[in-house]
Number of protein chains: 2
Amino acid sequence: MGDAGERQELALLLRRLTVELDAVGQRFAQAHGLNRTDVRALVAIMDAARRGEALTAGRLGEAVELRSASVTALVDRLEKVGHVRRSRDAEDRRRVVLEMSDSAMAAGAEHFGGLARDLTAAMEGYTPEELAVVRRFLVEMTDVIVEHARATEPPEA
Amino acid sequence: MGDAGERQELALLLRRLTVELDAVGQRFAQAHGLNRTDVRALVAIMDAARRGEALTAGRLGEAVELRSASVTALVDRLEKVGHVRRSRDAEDRRRVVLEMSDSAMAAGAEHFGGLARDLTAAMEGYTPEELAVVRRFLVEMTDVIVEHARATEPPEA
DNA sequence: TCGTAATCTCTCGACGATCGAGATTATCGA
DNA sequence: TCGATAATCTCGATCGTCGAGAGATTACGA
(Lines give C-alpha, C1' and ligand atoms only; values in the text may rest on other atoms or scores of the structure.)
Protein backbone atom coordinates (compact mmCIF):
# COMPACT_ATOMS: atom_id res chain seq x y z
CA MET A 1 0.00 0.00 0.00
CA GLY A 2 1.08 3.59 -0.58
CA ASP A 3 1.62 6.27 2.01
CA ALA A 4 -1.79 6.95 3.47
CA GLY A 5 -0.64 10.19 5.06
CA GLU A 6 0.57 11.50 1.74
CA ARG A 7 -2.70 10.71 0.07
CA GLN A 8 -4.66 12.40 2.81
CA GLU A 9 -2.49 15.45 2.44
CA LEU A 10 -3.30 15.53 -1.25
CA ALA A 11 -6.98 15.61 -0.34
CA LEU A 12 -6.30 18.59 1.88
CA LEU A 13 -4.41 20.27 -0.94
CA LEU A 14 -7.45 19.81 -3.12
CA ARG A 15 -9.61 21.49 -0.54
CA ARG A 16 -7.16 24.33 -0.10
CA LEU A 17 -7.14 24.90 -3.84
CA THR A 18 -10.91 25.16 -3.91
CA VAL A 19 -10.87 27.62 -1.03
CA GLU A 20 -8.34 29.84 -2.77
CA LEU A 21 -10.14 29.62 -6.07
CA ASP A 22 -13.29 30.66 -4.27
CA ALA A 23 -11.43 33.66 -2.94
CA VAL A 24 -10.62 34.74 -6.49
CA GLY A 25 -14.30 34.95 -7.26
CA GLN A 26 -14.82 36.79 -4.01
CA ARG A 27 -12.23 39.40 -5.02
CA PHE A 28 -13.91 39.91 -8.34
CA ALA A 29 -17.24 40.35 -6.59
CA GLN A 30 -15.87 42.92 -4.17
CA ALA A 31 -14.06 44.82 -6.88
CA HIS A 32 -17.24 45.19 -8.86
CA GLY A 33 -19.74 45.62 -6.06
CA LEU A 34 -21.37 42.26 -6.66
CA ASN A 35 -22.24 39.37 -4.42
CA ARG A 36 -21.34 35.73 -4.80
CA THR A 37 -24.52 34.83 -6.63
CA ASP A 38 -24.12 37.65 -9.11
CA VAL A 39 -20.67 36.40 -10.02
CA ARG A 40 -21.91 32.85 -10.39
CA ALA A 41 -24.61 34.15 -12.67
CA LEU A 42 -22.19 36.13 -14.83
CA VAL A 43 -19.93 33.10 -15.10
CA ALA A 44 -22.89 30.96 -16.11
CA ILE A 45 -23.86 33.47 -18.79
CA MET A 46 -20.29 33.63 -20.06
CA ASP A 47 -20.03 29.86 -20.17
CA ALA A 48 -23.27 29.66 -22.11
CA ALA A 49 -22.04 32.30 -24.51
CA ARG A 50 -18.83 30.32 -24.96
CA ARG A 51 -20.99 27.36 -25.98
CA GLY A 52 -22.92 29.57 -28.37
CA GLU A 53 -26.12 29.44 -26.34
CA ALA A 54 -28.14 32.40 -25.09
CA LEU A 55 -29.27 31.82 -21.52
CA THR A 56 -32.86 32.45 -20.55
CA ALA A 57 -33.93 33.55 -17.09
CA GLY A 58 -35.17 30.08 -16.29
CA ARG A 59 -31.96 28.37 -17.41
CA LEU A 60 -29.95 30.80 -15.37
CA GLY A 61 -32.06 29.94 -12.34
CA GLU A 62 -31.22 26.28 -12.80
CA ALA A 63 -27.54 27.05 -13.23
CA VAL A 64 -27.26 29.02 -10.02
CA GLU A 65 -29.98 27.15 -8.15
CA LEU A 66 -32.37 29.99 -7.50
CA ARG A 67 -36.15 30.22 -7.64
CA SER A 68 -37.79 32.37 -10.25
CA ALA A 69 -38.48 35.18 -7.79
CA SER A 70 -34.79 35.35 -6.93
CA VAL A 71 -33.78 35.19 -10.56
CA THR A 72 -35.90 38.22 -11.29
CA ALA A 73 -34.20 40.13 -8.51
CA LEU A 74 -30.80 38.86 -9.63
CA VAL A 75 -31.28 39.97 -13.22
CA ASP A 76 -32.68 43.28 -11.98
CA ARG A 77 -29.43 43.88 -10.09
CA LEU A 78 -27.22 42.92 -13.01
CA GLU A 79 -29.28 44.95 -15.45
CA LYS A 80 -29.26 47.99 -13.22
CA VAL A 81 -25.47 48.16 -13.23
CA GLY A 82 -25.38 47.44 -16.95
CA HIS A 83 -23.84 43.98 -16.89
CA VAL A 84 -26.65 42.22 -18.72
CA ARG A 85 -29.45 43.10 -21.08
CA ARG A 86 -32.91 41.57 -21.07
CA SER A 87 -34.70 40.88 -24.31
CA ARG A 88 -37.70 38.79 -25.22
CA ASP A 89 -37.04 35.65 -27.20
CA ALA A 90 -38.40 36.17 -30.71
CA GLU A 91 -39.45 32.55 -31.05
CA ASP A 92 -41.07 32.15 -27.65
CA ARG A 93 -42.09 35.49 -26.31
CA ARG A 94 -42.65 34.13 -22.80
CA ARG A 95 -38.89 33.71 -22.49
CA VAL A 96 -36.41 36.37 -21.50
CA VAL A 97 -32.97 35.91 -22.98
CA LEU A 98 -29.97 37.41 -21.27
CA GLU A 99 -26.92 38.90 -22.92
CA MET A 100 -23.83 40.21 -21.25
CA SER A 101 -22.72 43.70 -22.02
CA ASP A 102 -19.35 44.16 -23.65
CA SER A 103 -18.01 45.93 -20.60
CA ALA A 104 -18.96 43.06 -18.30
CA MET A 105 -17.51 40.58 -20.74
CA ALA A 106 -14.28 42.53 -20.82
CA ALA A 107 -14.08 42.79 -17.04
CA GLY A 108 -14.64 39.08 -16.65
CA ALA A 109 -12.14 38.25 -19.34
CA GLU A 110 -9.53 40.41 -17.70
CA HIS A 111 -10.02 38.96 -14.25
CA PHE A 112 -10.61 35.29 -14.92
CA GLY A 113 -8.85 35.22 -18.24
CA GLY A 114 -5.78 36.56 -16.53
CA LEU A 115 -5.92 33.77 -14.01
CA ALA A 116 -6.39 31.19 -16.75
CA ARG A 117 -3.36 32.62 -18.54
CA ASP A 118 -1.24 32.38 -15.41
CA LEU A 119 -2.40 28.84 -14.74
CA THR A 120 -1.69 27.58 -18.22
CA ALA A 121 1.66 29.34 -18.16
CA ALA A 122 2.53 27.49 -14.97
CA MET A 123 1.64 24.26 -16.74
CA GLU A 124 4.48 24.87 -19.18
CA GLY A 125 6.72 23.25 -16.59
CA TYR A 126 5.17 19.83 -17.11
CA THR A 127 5.71 17.22 -19.76
CA PRO A 128 2.71 16.00 -21.73
CA GLU A 129 2.94 12.71 -19.84
CA GLU A 130 2.81 14.53 -16.52
CA LEU A 131 -0.15 16.60 -17.61
CA ALA A 132 -1.89 13.40 -18.66
CA VAL A 133 -1.41 12.05 -15.14
CA VAL A 134 -2.78 15.24 -13.68
CA ARG A 135 -5.76 15.14 -15.99
CA ARG A 136 -6.56 11.58 -15.02
CA PHE A 137 -6.27 12.55 -11.37
CA LEU A 138 -8.55 15.57 -11.68
CA VAL A 139 -11.16 13.65 -13.63
CA GLU A 140 -11.16 10.71 -11.22
CA MET A 141 -11.27 12.86 -8.12
CA THR A 142 -14.10 14.91 -9.57
CA ASP A 143 -15.97 11.71 -10.31
CA VAL A 144 -15.56 10.57 -6.73
CA ILE A 145 -16.76 13.94 -5.47
CA VAL A 146 -19.77 13.98 -7.77
CA GLU A 147 -20.64 10.43 -6.74
CA HIS A 148 -20.39 11.44 -3.11
CA ALA A 149 -22.69 14.38 -3.66
CA ARG A 150 -25.18 12.18 -5.47
CA ALA A 151 -25.10 9.57 -2.71
CA THR A 152 -26.05 12.17 -0.12
CA GLU A 153 -28.60 13.83 -2.34
CA PRO A 154 -32.05 14.31 -0.89
CA PRO A 155 -34.40 11.66 -2.36
CA GLU A 156 -36.16 12.91 -5.44
CA ALA A 157 -39.90 13.48 -5.33
CA MET B 1 5.51 24.29 -26.53
CA GLY B 2 2.80 22.00 -25.21
CA ASP B 3 -0.79 21.81 -26.33
CA ALA B 4 -2.38 25.06 -25.19
CA GLY B 5 -5.89 23.66 -25.59
CA GLU B 6 -5.10 20.78 -23.31
CA ARG B 7 -3.71 23.07 -20.64
CA GLN B 8 -6.75 25.30 -20.82
CA GLU B 9 -8.94 22.28 -20.42
CA LEU B 10 -7.04 21.34 -17.30
CA ALA B 11 -7.84 24.78 -15.89
CA LEU B 12 -11.50 24.14 -16.59
CA LEU B 13 -11.23 20.77 -14.87
CA LEU B 14 -9.85 22.53 -11.83
CA ARG B 15 -12.79 24.86 -11.77
CA ARG B 16 -15.25 22.02 -12.22
CA LEU B 17 -13.67 20.21 -9.29
CA THR B 18 -14.11 23.23 -7.06
CA VAL B 19 -17.74 23.57 -8.11
CA GLU B 20 -18.48 19.95 -7.30
CA LEU B 21 -16.60 20.10 -4.02
CA ASP B 22 -18.67 23.11 -3.16
CA ALA B 23 -21.78 21.09 -3.85
CA VAL B 24 -20.67 18.53 -1.26
CA GLY B 25 -20.67 21.19 1.41
CA GLN B 26 -24.02 22.37 0.13
CA ARG B 27 -25.47 18.88 0.55
CA PHE B 28 -24.17 18.68 4.09
CA ALA B 29 -25.72 22.04 4.84
CA GLN B 30 -29.11 21.04 3.46
CA ALA B 31 -29.08 17.71 5.22
CA HIS B 32 -28.48 19.37 8.56
CA GLY B 33 -30.56 22.50 8.12
CA LEU B 34 -27.55 24.78 7.96
CA ASN B 35 -26.45 27.49 5.59
CA ARG B 36 -23.14 27.85 3.80
CA THR B 37 -21.59 30.03 6.44
CA ASP B 38 -22.55 27.66 9.23
CA VAL B 39 -20.77 24.83 7.45
CA ARG B 40 -17.70 26.94 6.85
CA ALA B 41 -17.69 27.77 10.53
CA LEU B 42 -17.97 24.15 11.62
CA VAL B 43 -15.16 23.20 9.26
CA ALA B 44 -13.03 26.00 10.68
CA ILE B 45 -13.69 24.81 14.22
CA MET B 46 -12.88 21.23 13.25
CA ASP B 47 -9.67 22.29 11.55
CA ALA B 48 -8.63 24.24 14.61
CA ALA B 49 -9.41 21.28 16.83
CA ARG B 50 -7.31 19.11 14.54
CA ARG B 51 -4.44 21.51 15.15
CA GLY B 52 -5.08 21.34 18.87
CA GLU B 53 -6.33 24.91 19.10
CA ALA B 54 -9.59 26.10 20.60
CA LEU B 55 -11.17 28.74 18.42
CA THR B 56 -12.48 31.94 19.95
CA ALA B 57 -15.38 33.89 18.53
CA GLY B 58 -13.04 36.49 17.11
CA ARG B 59 -10.78 33.95 15.43
CA LEU B 60 -13.78 32.26 13.92
CA GLY B 61 -14.87 35.59 12.53
CA GLU B 62 -11.52 36.00 10.80
CA ALA B 63 -11.67 32.46 9.45
CA VAL B 64 -15.07 32.92 7.85
CA GLU B 65 -14.71 36.64 7.18
CA LEU B 66 -17.61 37.91 9.24
CA ARG B 67 -18.01 40.95 11.52
CA SER B 68 -18.46 40.44 15.19
CA ALA B 69 -22.20 41.05 15.04
CA SER B 70 -22.55 38.29 12.47
CA VAL B 71 -20.32 35.95 14.46
CA THR B 72 -22.59 36.38 17.45
CA ALA B 73 -25.60 35.46 15.34
CA LEU B 74 -23.70 32.59 13.75
CA VAL B 75 -22.67 31.08 17.07
CA ASP B 76 -26.20 31.63 18.36
CA ARG B 77 -27.51 29.50 15.52
CA LEU B 78 -24.96 26.74 15.99
CA GLU B 79 -25.43 26.73 19.74
CA LYS B 80 -29.20 26.59 19.44
CA VAL B 81 -29.06 23.35 17.47
CA GLY B 82 -26.42 21.96 19.79
CA HIS B 83 -23.45 21.92 17.40
CA VAL B 84 -21.17 24.12 19.49
CA ARG B 85 -20.79 25.17 23.08
CA ARG B 86 -19.76 28.61 24.31
CA SER B 87 -17.51 29.02 27.32
CA ARG B 88 -15.50 31.91 28.68
CA ASP B 89 -11.75 31.64 28.35
CA ALA B 90 -10.29 31.18 31.83
CA GLU B 91 -7.16 33.17 31.01
CA ASP B 92 -8.87 36.09 29.29
CA ARG B 93 -12.45 36.35 30.37
CA ARG B 94 -13.31 38.71 27.54
CA ARG B 95 -12.89 35.84 25.13
CA VAL B 96 -15.47 33.20 24.25
CA VAL B 97 -14.01 29.85 23.25
CA LEU B 98 -16.00 27.50 21.04
CA GLU B 99 -16.11 23.73 21.23
CA MET B 100 -17.90 21.41 18.89
CA SER B 101 -20.31 18.93 20.35
CA ASP B 102 -19.55 15.24 19.90
CA SER B 103 -22.65 14.82 17.75
CA ALA B 104 -21.60 17.59 15.37
CA MET B 105 -18.08 16.20 15.26
CA ALA B 106 -19.45 12.79 14.40
CA ALA B 107 -21.75 14.13 11.70
CA GLY B 108 -18.92 16.05 10.11
CA ALA B 109 -16.59 13.10 10.31
CA GLU B 110 -19.13 10.87 8.64
CA HIS B 111 -19.87 13.26 5.79
CA PHE B 112 -16.47 14.74 5.02
CA GLY B 113 -14.46 11.87 6.42
CA GLY B 114 -16.34 9.57 4.10
CA LEU B 115 -15.41 11.72 1.16
CA ALA B 116 -11.79 11.83 2.26
CA ARG B 117 -11.81 8.05 2.49
CA ASP B 118 -13.20 7.70 -1.02
CA LEU B 119 -10.69 10.17 -2.39
CA THR B 120 -7.68 8.53 -0.82
CA ALA B 121 -8.98 5.16 -1.94
CA ALA B 122 -9.13 6.43 -5.50
CA MET B 123 -5.52 7.51 -5.15
CA GLU B 124 -4.52 3.87 -4.72
CA GLY B 125 -4.47 3.69 -8.48
CA TYR B 126 -1.42 5.93 -8.74
CA THR B 127 2.24 5.25 -8.29
CA PRO B 128 4.16 7.32 -5.75
CA GLU B 129 5.87 9.06 -8.66
CA GLU B 130 2.54 9.99 -10.18
CA LEU B 131 1.23 11.28 -6.87
CA ALA B 132 4.37 13.36 -6.54
CA VAL B 133 3.61 14.95 -9.91
CA VAL B 134 0.05 15.62 -8.82
CA ARG B 135 1.23 17.16 -5.57
CA ARG B 136 3.62 19.47 -7.36
CA PHE B 137 0.82 20.46 -9.72
CA LEU B 138 -1.66 21.20 -6.94
CA VAL B 139 0.86 23.20 -4.94
CA GLU B 140 1.98 25.24 -7.91
CA MET B 141 -1.51 25.93 -9.16
CA THR B 142 -2.60 26.95 -5.68
CA ASP B 143 0.36 29.30 -5.50
CA VAL B 144 -0.63 30.89 -8.77
CA ILE B 145 -4.19 31.27 -7.57
CA VAL B 146 -3.14 32.80 -4.27
CA GLU B 147 -0.83 35.17 -6.07
CA HIS B 148 -3.62 36.19 -8.37
CA ALA B 149 -5.93 36.84 -5.43
CA ARG B 150 -3.27 38.91 -3.74
CA ALA B 151 -2.61 40.93 -6.87
CA THR B 152 -6.26 41.92 -7.10
CA GLU B 153 -6.61 42.52 -3.40
CA PRO B 154 -8.02 45.85 -2.31
CA PRO B 155 -5.17 48.09 -1.12
CA GLU B 156 -4.63 47.79 2.62
CA ALA B 157 -5.35 50.77 4.83
C1' DT C 1 -2.69 51.55 42.90
C1' DC C 2 -5.37 54.10 39.78
C1' DG C 3 -7.17 55.59 35.55
C1' DT C 4 -7.27 55.31 30.74
C1' DA C 5 -6.78 52.94 26.47
C1' DA C 6 -7.27 48.74 24.07
C1' DT C 7 -9.58 44.33 23.31
C1' DC C 8 -13.42 41.07 22.94
C1' DT C 9 -18.12 40.06 22.60
C1' DC C 10 -22.86 41.30 22.47
C1' DT C 11 -27.31 44.22 21.42
C1' DC C 12 -29.98 46.87 18.41
C1' DG C 13 -31.81 48.62 14.14
C1' DA C 14 -31.40 48.45 9.20
C1' DC C 15 -30.58 46.49 4.66
C1' DG C 16 -30.37 43.06 1.16
C1' DA C 17 -30.89 38.31 -0.80
C1' DT C 18 -33.94 34.60 -1.05
C1' DC C 19 -38.26 32.26 -1.02
C1' DG C 20 -43.44 30.76 -1.51
C1' DA C 21 -47.67 31.91 -3.36
C1' DG C 22 -50.09 33.86 -6.71
C1' DA C 23 -50.72 37.02 -10.88
C1' DT C 24 -49.59 37.98 -15.71
C1' DT C 25 -48.55 37.10 -20.35
C1' DA C 26 -47.54 33.92 -24.07
C1' DT C 27 -47.53 29.36 -26.43
C1' DC C 28 -49.37 24.97 -27.88
C1' DG C 29 -52.59 21.25 -28.86
C1' DA C 30 -57.35 19.82 -29.60
C1' DT D 1 -61.29 29.41 -30.12
C1' DC D 2 -60.36 27.54 -25.60
C1' DG D 3 -58.08 25.24 -21.89
C1' DA D 4 -53.71 23.63 -20.26
C1' DT D 5 -49.06 24.51 -19.84
C1' DA D 6 -44.97 27.38 -19.50
C1' DA D 7 -41.98 31.51 -18.36
C1' DT D 8 -41.51 35.41 -15.87
C1' DC D 9 -42.78 38.86 -12.58
C1' DT D 10 -44.99 41.01 -8.14
C1' DC D 11 -45.73 40.98 -3.34
C1' DG D 12 -44.98 40.03 1.47
C1' DA D 13 -42.20 37.53 4.74
C1' DT D 14 -37.96 35.48 6.55
C1' DC D 15 -33.16 35.17 7.44
C1' DG D 16 -28.14 36.45 7.24
C1' DT D 17 -25.12 40.28 7.44
C1' DC D 18 -23.57 44.71 8.75
C1' DG D 19 -22.48 49.40 11.28
C1' DA D 20 -22.67 51.71 15.41
C1' DG D 21 -22.34 51.57 19.90
C1' DA D 22 -22.63 49.41 24.72
C1' DG D 23 -20.76 46.37 28.33
C1' DA D 24 -17.16 43.76 30.34
C1' DT D 25 -12.34 42.56 30.90
C1' DT D 26 -7.47 43.23 30.39
C1' DA D 27 -3.04 45.88 29.65
C1' DC D 28 -0.23 49.55 30.75
C1' DG D 29 1.75 54.02 32.00
C1' DA D 30 1.81 57.50 35.68
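Naming: A, B, ... by sequence-line order, numbering from 1 per chain. Bear in mind the structure is a predicted one, so any value in this text is a computation, not a measurement. Only this structure's heavy atoms are used, side chains among them; waters, hydrogens and symmetry mates stay out.
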Strictly below 4.0 Å, N to O, side chains only: are B:Asp47 and A:Arg15 in salt-bridge contact? yes
Can you tell me which nucleotide in C:dC19, D:dC9, C:dC8 comes closest to the side chain of B:Arg95? C:dC8
Spacing of A:Leu98 atom CG relative to D:dT8 atom C1', expressed in whole Å: 11 Å
With sequence neighbours left out, the residues meeting salt bridge (charged side-chain N to carboxylate O under 4.0 Å, His left out) with A:Arg88 are none
Where B:Ala57 and B:Val71 come nearest, the two heavy atoms and their spacing: O-CG1, 3.4 Å
Rounded interatomic separation in angstrom, taking CG from A:Leu34 and C1' from D:dT17: 17 Å
A:His83 and A:His32 aromatic ring geometry - parallel, tilted or perpendicular at 30°/60° bounds: perpendicular
Length of the CG-C1' vector between A:Leu55 and D:dT8, whole Å: 14 Å
N/O to N/O distances under 3.5 Å, protein versus nucleotides 26-30 of chain C:
residue, atom, partner, partner atom, Å
C:dT27, OP1, A:Arg93, N, 3.1

Report yes if at least one side-chain N or O of B:Thr37 is closer than 4.0 Å to OP1 or OP2 of D:dT17; otherwise report no. yes
At 4.0 Å (heavy atoms only), tell me whether B:Arg59 reaches a base, stays on the sugar-phosphate, or touches nothing. nothing
Carboxylate-amine/guanidinium contact B:Arg59 B:Glu53, below 4.0 Å: no
Between CG of B:Leu60 and C1' of C:dC10 the distance, given in whole Å, is 15 Å
Around atom CD of B:Glu130, are there more than 12 heavy atoms of other residues, nucleotides or ligands at under 6.0 Å? yes
When rounded to whole Å, the CZ to C1' distance for the pair B:Arg67 and D:dG21 reads 16 Å
Please determine if A:Arg7 forms a cation-pi arrangement with B:Tyr126, meaning its NZ or CZ atom is less than 6.0 Å from the six-membered ring centre and no more than 45° off the ring axis. no
Hey, what are the protein-to-nucleotides 11-16 of chain C N/O distances that come in under 3.5 Å?
none

Expressed in angstrom and rounded to an integer, what is the separation of A:Gln30 atom CD from D:dT17 atom P? 15 Å
Check the hydrophobic clustering (I, L, V, M, F, W, Y; side-chain heavy atoms under 4.5 Å; chains of links allowed) and say if B:Val64 and B:Leu98 are grouped together. yes
Does B:Val19 belong to the same Ile/Leu/Val/Met/Phe/Trp/Tyr cluster as B:Leu12, with side-chain heavy atoms less than 4.5 Å apart forming each link? no
Would you mind classifying the nucleic acid contact of A:Leu74 as base, sugar-phosphate or nothing, using non-hydrogen atoms under 4.0 angstrom? nothing
Checking all strands, does B:Arg36 fall into the base, sugar-phosphate, or nothing category for heavy-atom contacts under 4.0 angstrom? nothing
Between A:Asp38 and B:Gly58, just flag the one whose closest nucleotide in DNA chain C comes earlier from the 5' side. B:Gly58
